[in-house]
Amino acid sequence: MARSRFDICLDEVLRHEGGYADHPSDPGGATNLGITHKTLARWRRISPWWKLPKSAVQALQRAEAAKIYRASYWDRVQGGQLPAGLDLALFDFAVNSGPDRAIRMLQAELDVAADGQIGPLTLDAVEAFAERKGLGPLIDALCNRRLGFLNRLSTFAVFGKGWTARVTAVRKAALSAAGTTSNPTIKISQWRTLMDILNGYKTYIVAAFMLVAGLAQMLGIDLPALDSGSAGHLIMEALAVLFLRKGLKGDIGRA
C-alpha cells in the first residue's frame with residue numbers, strides 16, 4: 001500500500017524535529033517530536049497548560065504526535081489539496097513558525113489576500129502560478145521568505161544555523177517531490193533576502209569598522225582616509241553607536 005503524502009511529509013518534519021528537548025532559549029519550552037508543552041496540553045484539553053507535567057511531553061509517542069500534526073498543521077494548511085512538494089514546504093514552515101504566518105507568506109507570494117486561510121482563491125492561485133512559472137519557483141520563493149523571517153528573529157544567533165540547514169533540506173526534498181530543481185532566476189530573490197538581512201546589521205558593520213580603524217591607529221597603522229579622526233574619537237564614537245543601537249532596539253521591543 002502506497003504511503004500518503006502526509007506520512008511522507010511527516011517523516012521529513014520529524015527528521016528535523018528530533019526527540020525531547022528543553023532548551024532555555026527556546027520560547028516553546030519543553031518539546032518532543034516537535035510538539036511543545038503548550039500544544040500537547042491544548043490537545044489533551046488540560047488548562048492551564050502548566051498543569052501537564054513535562055514528563056508527559058517526554059513520554060509523547062509518534063502515533064499521538066502524528067494526530068496532532070495532522071489536525072493542527074497539515075489540515076490547517078490544506079496539505080492534501082496542495083501539489084506534491086509545495087505541501088511539504090508549507091507544512092514544515094507551519095510546524096516551525098505557525099500555520100497563520102506560513103499561509104500568509106504563501107499568499108503574499110501569490111499576490112492574493114493574505115487572510116491566513118487556504119481556500120478556493122488561494123488554491124486557484126497556486127495552480128495558476130504553477131502553470132505560468134512552474135512549481136519550483138513558488139517553492140523557492142516560499143523558502144526564501146521563510147529564511148528572511150527567521151533571520152529577523154532575536155533567537156537567530158542561537159538557532160539560526162540549525163534553522164538554515166532545515167530550510168535547505170526541506171527545499172531540496174520539496175523540489176525533488178515536485179520533480180523540479182531551483183530556478184536560476186530565483187537567485188535575485190535570494191540576493192534580496194541577503195540584502196534584507198545585512199540591512200538589519202548595517203549599523204553594527206559601520207561601528208565595527210570604526211572600532212577596528214581606531215585600534216589600527218593606536219597601533220601606529222596609518223589610514224589616510226581617516227586622517228581627520230583620532231583613534232580615541234573613532235573608538236568612542238563606535239562604542240556610542242553600538243550602545244545607542246542596543247538601547248533603541250530594547251525600547252522598540254518594549255513598546
Side-chain angles (χ1 to χ4, degrees), residues 2-18 33-34 66 69-70 72-112 114 116 118-119 121-153 156 159-197:
R3 303 183 72 220
S4 69
R5 281 300 300 166
F6 169 72
D7 291 326
I8 293 170
C9 292
L10 183 60
D11 282 347
E12 182 67 24
V13 168
L14 293 181
R15 190 167 71 84
H16 300 289
E17 289 295 349
L33 299 174
Y69 277 116
R70 182 183 285 278
S72 302
Y73 301 98
W74 180 260
D75 290 346
R76 176 74 171 76
V77 302
Q78 297 295 323
Q81 302 297 315
L82 297 173
L86 182 61
D87 55 359
L88 170 60
L90 189 62
F91 178 44
D92 191 73
F93 190 175
V95 169
N96 198 203
S97 301
D100 187 76
R101 177 173 288 108
I103 292 171
R104 287 176 184 274
M105 288 202 172
L106 172 64
Q107 291 172 325
E109 190 62 37
L110 295 170
D111 197 25
V112 297
I118 297 287
L121 291 178
T122 302
L123 292 173
D124 286 347
V126 168
E127 184 177 353
F129 189 106
E131 288 178 355
R132 290 196 317 273
K133 302 179 181 179
L135 201 55
L138 182 56
I139 292 171
D140 267 324
L142 181 62
C143 289
N144 288 340
R145 283 179 179 269
R146 179 180 177 181
L147 279 175
F149 163 72
L150 292 173
N151 272 279
R152 293 190 292 272
L153 295 179
F156 187 81
F159 301 109
K161 184 177 180 181
W163 287 338
T164 302
R166 175 173 181 161
V167 176
T168 299
V170 167
R171 184 200 301 265
K172 182 178 179 181
L175 290 170
S176 177
T180 186
T181 57
S182 290
N183 190 325
T185 60
I186 207 66
K187 297 297 182 182
I188 297 173
S189 179
Q190 292 173 336
W191 177 254
R192 187 180 301 117
T193 299
L194 177 60
M195 290 299 98
D196 288 343
I197 294 168

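These numbers were taken from a predicted model, which means no experiment stands behind them.
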Within the 4.5 Å heavy-atom criterion, are Leu150 and Arg166 side-chain neighbours or not? no
Sorted by chain and number, sequence neighbours left out, ring-ring contact (aromatic ring centres under 6.0 Å, His included) with Tyr73 holds for Tyr69
Do you know which two heavy atoms are closest between Leu90 and Ala102, and how far apart they sit? CD1-O, 3.5 Å
Beyond-backbone contact of Leu142 with Glu109, side-chain heavy atoms, under 4.5 angstrom: no
Given 3.5 Å as the limit, does a donor-acceptor pair link the side chain of Thr168 with the main chain of Thr164, or not? yes
Is there side-chain contact between Val13 and Val170, with heavy atoms separated by less than 4.5 Å? no
Arg70 CZ to Cys9 SG distance, which is reported to the nearest 0.5 Å: 10.5 Å
Residues Trp163, Asn151; criterion side-chain contact (heavy atoms from CB on, under 4.5 Å); working and verdict: CA-CA 9 Å; Trp163 287 338; Asn151 272 279; over 6 Å; no
Do Thr122 and Ile103 have side chains that approach each other closer than 4.5 Å (heavy atoms only, starting at C-beta)? no
Is there a side-chain contact between His16 and Asn96, using heavy atoms and a 4.5 Å cut-off? no
Residue pair Ser72 / Pro99: nearest heavy atoms and the distance that separates them: O-CG, 3.7 Å
For Glu17 and Gly34, work out which heavy atoms get closest and say how close. OE1-CA, 3.2 Å
May I ask you to test the Leu82-Leu88 pair for a side-chain heavy-atom distance under 4.5 Å? no
Students often mix this up, so state it plainly: with edges at 30° and 60°, are the rings of Phe91 and Phe6 parallel, tilted or perpendicular? tilted
Steps toward side-chain contact (heavy atoms from CB on, under 4.5 Å) verdict (Leu138, Leu110): CA-CA 8 Å; Leu138 182 56; Leu110 295 170; 3.9 Å; yes
Arg15 versus Ala169, closest heavy-atom pair with distance: NH2-CB, 3.7 Å
Asp140 side, atom CG; Arg171 side, atom CZ - distance, nearest 0.5 Å: 4.5 Å
Show the numbers, then the answer: is there a side-chain contact (heavy atoms from CB on, under 4.5 Å) between Leu106 and Arg145? CA-CA 9 Å; Leu106 172 64; Arg145 283 179 179 269; over 6 Å; no
Using the rule side-chain contact (heavy atoms from CB on, under 4.5 Å), only one of Glu131, Glu127, Arg132 pairs with Phe129; which is it? Arg132
Gln78 side-chain N/O to Gly119 backbone N/O, donor-acceptor pair under 3.5 Å: no
Could you check if a side-chain atom of Asp92 sits within less than 4.5 angstrom of a side-chain atom of Val167, using non-hydrogen atoms only? no
Closest non-hydrogen atom pair, Met105 against Phe93: SD-CZ, 3.6 Å
Minimum-distance pair of heavy atoms, taken over all atoms of Leu135 and Ala84: CD2-O, 3.5 Å
Using the ring-ring contact (aromatic ring centres under 6.0 Å, His included) criterion, which residues pair with Phe149? Sequence neighbours excluded. none
Hey, does Val126 have a side-chain heavy atom less than 4.5 Å from the side chain of Ile118? no
